[in-house]
Amino acid sequence: MENLPQICVDTFDAFITTERFGTREEVIRCIKEVEIDNKVTVIISRSDTETGKRGRSNKLIFGCDKGGKHKSTDSGTQSASKKCGCSFKIRSIPTKDGSGWKIDVKCGLHNHGLPDRLEGHSFIRRLTTYEKQHVVDLRKRHVPPRHILLFLQDRDPENVTRITQVYKHKSVIQKEIRGPRSEIQHLFKLIEDAGYVYWSRKKDDSEVMKEIFWAHPDSVKLLNIFSIVLVMDSTYKTNKYRQPLFEIVGMTSTELTFAVAFVYMESEQTENFSWVLEKLKELFVKKDLCPQVILTDRDLALMKAIEIVFPRSINLLCRFHINKNVGAKCKQHVVNDLQKTIDTLWMEVVWASDEVEYGQRLHQLEQACVDYSGFMNYVKDTWLTPHRHKFVGAWINRVLHLGNTTTNRVESAHWKLKQMLGNSIGDMVKCGEAMNNNLRLQLGNIRASFQKSFYEVEHAHISPFYGYLCGSVSRAALRRIAEELLRVDYVGTNRQKCGCTLITSYGLPYACELGRYTLGGIPIPIDAVHVHWRKLTMEVELEVGVASAKKQPAG
């Protein structure tokens, strides 16, 4: 085999200098600057500090990262080595006259070529102290590693760090923060530090956690202020253990969603839901206080638990998911030409304003589905017979649901949490941090919305007709009243034409009532608006004992 040509690259002139340096750190900084400019990877191969003992002296010896001998291995795994016996060497020691550290290039030759760029070199791509601090700050905000890397590269176009380094440093940070605590122990620490009210319980005769329930102190305040409607639902793919996350949300007077509580559950059985709802019940200041309306999907276990724990609450079902399920069943049973017609007839049944109209619309649907008994049996047996009073307008228009007829609020909360998480393989600590960050943003928006309703008046509401309401009622309520006012031209003061559903379902004055105020030249009285829409602050003090006794995990 012919001898391969020998490569020789001389970097002597690049490193030689007569400059003196005050400290070893300055020497290292100088070497690093030169190596980057010349695409050379230099490492500290030996370092020593004078201690007064024999043989110990201040010195730094630098070498090429390809110095040393290549060690072959018999392992079957894919492995590689950068070692090729490069003899490059620099020695730095303090001068005898005390003028500082000097650099002495012992050998400036490299027996290998130099790269065009340094991305593949592990020493060069290490994070600097400044970059590590950026990783710490961005990690707190759940910025994905790929975006952290892009941020570092935007700040320094010459940065050659790879995403592996970002992941490694994130892991180091996590270990430093968590210390010897287990994942669950650290989660409880975060919950306690943030002042959350929480409970947990374990499986019988084991240390395995079964459920964890926690609620922010400000969420407890909002719950006691705005307790009329709660929306509940489970979501999945939030953690690597595949445990379902049960979330409870409410609605403020400004129609913003607030998180009431989060619960990690072992399973979704009636017993599990009953435990969760019992803990929710303990968050209410007044023991006789409970939500008037609880909106859920058709989860039979949850519905049964609501019936047990909150027997006075009205359980409504999500119209969106019901319509979606009926539409899917229609496609299975009905020919294409009739699907649109039957979908329309079904929606008319759902939106029927009274029981007489409901009977008429249902009869029309039955006539259209005379040849599709399978579909009609599904509609009646699954939805209308057992649950029509939970989603059909003829019944729920009599319920103070404040416009909440779907679980969209809690679904939206799930989506925002998952956006914050970035992926579904994080642990419970990461999920807890994301929830806390979401809550901080959420509470800030809610406070701002209260202030806007208190201080600002929309141009459409400047009329004296709204004089008693502006600054005392939320702008969201005023917008709904303004929309209802448009119906006055058609309705007048006729109650039959009006239907008067806005007062029963929203707690707001209906069209014919507004017509009477208009004819009499009377501003809308404040008492015509339900107290829910008149609450524009969350700065209230809960009674003693509400949260103070609830910060210890209970079995």
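Side-chain atoms are counted along with the backbone in the values below, which use heavy atoms only and exclude waters and symmetry mates.
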Under 4.5 Å between any side-chain heavy atoms of Glu456 and Arg475, yes or no? yes

Within-4.5 Å side-chain heavy-atom neighbours: Ile396 and Lys390: no

Kindly give the heavy-atom pair with the smallest separation between Leu439 and Ser219, and that separation in Å. CD2-OG, 3.7 Å

Can you give me the closest heavy-atom contact between Leu127 and Leu152, atom names plus distance? CD2-CD1, 3.8 Å

Between Met251 and Thr257, is the side-chain contact (heavy atoms from CB on, under 4.5 Å) condition met? List the steps. CA-CA 5 Å; Met251 187 187 83; Thr257 301; 5.8 Å; no

Can you name the side chain to side chain donor-acceptor pair (under 3.5 Å) partners of Ser412, sequence neighbours left out? none

Can you tell me how the ring of Trp395 sits relative to the ring of Tyr358, calling it parallel under 30°, perpendicular over 60° and tilted otherwise? perpendicular

Shortest non-hydrogen contact from Cys470 to Val457? SG-CG1, 3.7 Å

Paired with His216, the ring-ring contact (aromatic ring centres under 6.0 Å, His included) test is passed by just one of Phe258, Tyr196, Phe262, namely Tyr196

For Arg479, what residues pass the side chain to side chain donor-acceptor pair (under 3.5 Å) criterion, not counting sequence neighbours? Glu458

Are more than 12 heavy atoms, taken from residues, nucleotides or ligands other than Tyr236, located less than 6.0 Å from that residue's OH atom? yes

Would Arg24 and Ser47 count as having a side-chain donor-acceptor pair, cut-off 3.5 Å? yes

Mind checking whether Gln269 and Phe273 have side chains closer than 4.5 Å, heavy atoms only? no

Pairwise distance CZ(Arg201) to NZ(Lys210) - rounded to 0.5 angstrom: 4.5 Å

Less than 6.0 angstrom from the centroid, inside 45 degrees of the normal: does Lys279 satisfy that with respect to the ring of Phe213? no

Does Gln165 form a side-chain contact (heavy atoms from CB on, under 4.5 Å) with Val135? I'd like the steps, not just the answer. CA-CA 10 Å; Gln165 302 300 117; Val135 175; over 6 Å; no

Which pair of heavy atoms, one from Tyr130 and one from Arg155, lies closest together, and at what distance? OH-NH2, 2.9 Å

What's the spacing between Leu316 CG and Thr407 OG1 if we round to 0.5 Å? 11.5 Å

Any chance you could lay out the side-chain contact (heavy atoms from CB on, under 4.5 Å) test for Leu443 and Leu222, step after step, and finish with the verdict? CA-CA 10 Å; Leu443 293 169; Leu222 288 168; 3.7 Å; yes

Any donor-acceptor N/O pair, Ser182 side chain to Gln185 backbone, under 3.5 Å: yes

Pair Ser267-Asn272, side chain to side chain donor-acceptor pair (under 3.5 Å): steps then yes or no: CA-CA 7 Å; Ser267 62; Asn272 303 88; 3.1 Å; yes

Residue pair Arg162, Tyr167: steps toward the side chain to side chain donor-acceptor pair (under 3.5 Å) verdict: CA-CA 9 Å; Arg162 297 292 85 195; Tyr167 275 111; over 6 Å; no

Please determine if Arg388 forms a cation-pi arrangement with Trp383, meaning its NZ or CZ atom is less than 6.0 Å from the six-membered ring centre and no more than 45° off the ring axis. no

Between His134 and Phe151, is the ring centroid distance below 6.0 Å? yes

Strictly by modelled atom types, are Tyr378 and Asn325 linked by a side-chain donor-acceptor pair under 3.5 Å? no

Can you check whether Ile148 reaches Pro144 side chain to side chain, under 4.5 Å on heavy atoms? no

I'd like to know if the side chain of Thr504 and the backbone of Val399 have a donor-acceptor N/O pair within less than 3.5 Å. no

With no hydrogens and no angle check, is any side-chain donor or acceptor of Lys535 less than 3.5 Å from a backbone partner on Phe226? no

Below 3.5 Å, can you tabulate the donor-acceptor pairs from side chains in residues 289-300 to any protein atom, sequence neighbours excluded?
{"residue": "Thr296", "atom": "OG1", "partner": "Asn315", "partner atom": "ND2", "Å": "3.3"}
{"residue": "Asp297", "atom": "OD1", "partner": "His321", "partner atom": "ND1", "Å": "3.1"}
{"residue": "Asp299", "atom": "OD1", "partner": "Ala301", "partner atom": "N", "Å": "3.2"}
{"residue": "Asp299", "atom": "OD1", "partner": "Leu302", "partner atom": "N", "Å": "3.3"}

Applying side chain to side chain donor-acceptor pair (under 3.5 Å), run through Glu192 and Tyr198 and close with a yes or a no. CA-CA 8 Å; Glu192 290 174 357; Tyr198 74 96; 2.6 Å; yes

Residues pairing under salt bridge (Lys or Arg N to Asp or Glu O under 4.0 Å) where one sits in residues 244-254, two or more places apart or in two chains, turn out to be none

Return yes when atom CZ of Phe310 has more than 12 non-hydrogen atoms of other residues, nucleotides or ligands closer than 6.0 Å, and no otherwise. yes

Counting neighbours of NZ on Lys304 that are heavy atoms of other residues, nucleotides or ligands and sit closer than 6.0 Å, is the number greater than 12? no

For Ser171, enumerate each residue passing the side chain to side chain donor-acceptor pair (under 3.5 Å) test, keeping only those at least two apart in sequence or located in another chain. none

Side chain proximity check, Leu187 to Ile212, heavy atoms < 4.5 angstrom: yes

Is there a donor-acceptor pair closer than 3.5 Å between any side-chain N or O of Asn437 and the backbone N or O of Ala434? no

Do any pairs count as a salt bridge (Lys or Arg N to Asp or Glu O under 4.0 Å) and have a residue in residues 404-431, sequence neighbours left out, and if so which ones? Arg178-Asp427

All heavy atoms of His147 vs all of Val143, minimum pair found to be CB-CG1, 3.6 Å

Please assess Leu280 against Leu230 for the test side-chain contact (heavy atoms from CB on, under 4.5 Å), listing each intermediate value before the final yes or no. CA-CA 11 Å; Leu280 172 65; Leu230 296 181; 4.0 Å; yes

Minimum side-chain heavy-atom gap Lys237-Arg242 below 4.5 Å: no

Any side-chain heavy atom of Ile503 sitting closer than 4.5 Å to one from Leu508? no

Go through the side-chain N and O atoms of Ser253 and Ser474 and say whether any donor and acceptor fall under 3.5 Å apart. no

When you look at Arg447 and Thr537, which way does the side chain to side chain donor-acceptor pair (under 3.5 Å) test go after all the steps? CA-CA 7 Å; Arg447 288 189 176 96; Thr537 182; over 6 Å; no

Phe188 and Val429, any side-chain heavy atoms less than 4.5 Å apart: no

Could you tell me whether Arg480 sits above the aromatic face of Trp533, with NZ or CZ closer than 6.0 angstrom to the six-membered ring centre and within 45 degrees of the axis? no

Is it true that atom NZ of Lys452 has more than 12 heavy atoms of other residues, nucleotides or ligands lying nearer than 6.0 Å? no

About how many Å separate CE of Met209 and CD of Glu211, when rounded to the nearest 0.5 Å? 10.5 Å

Measure across Ser227 and Phe284 and return the closest heavy-atom pair with its distance rounded to 0.1 Å. CB-CE2, 3.8 Å

When rounded to the nearest 0.5 angstrom, what distance separates CG in Leu277 from CE in Met232? 5.0 Å

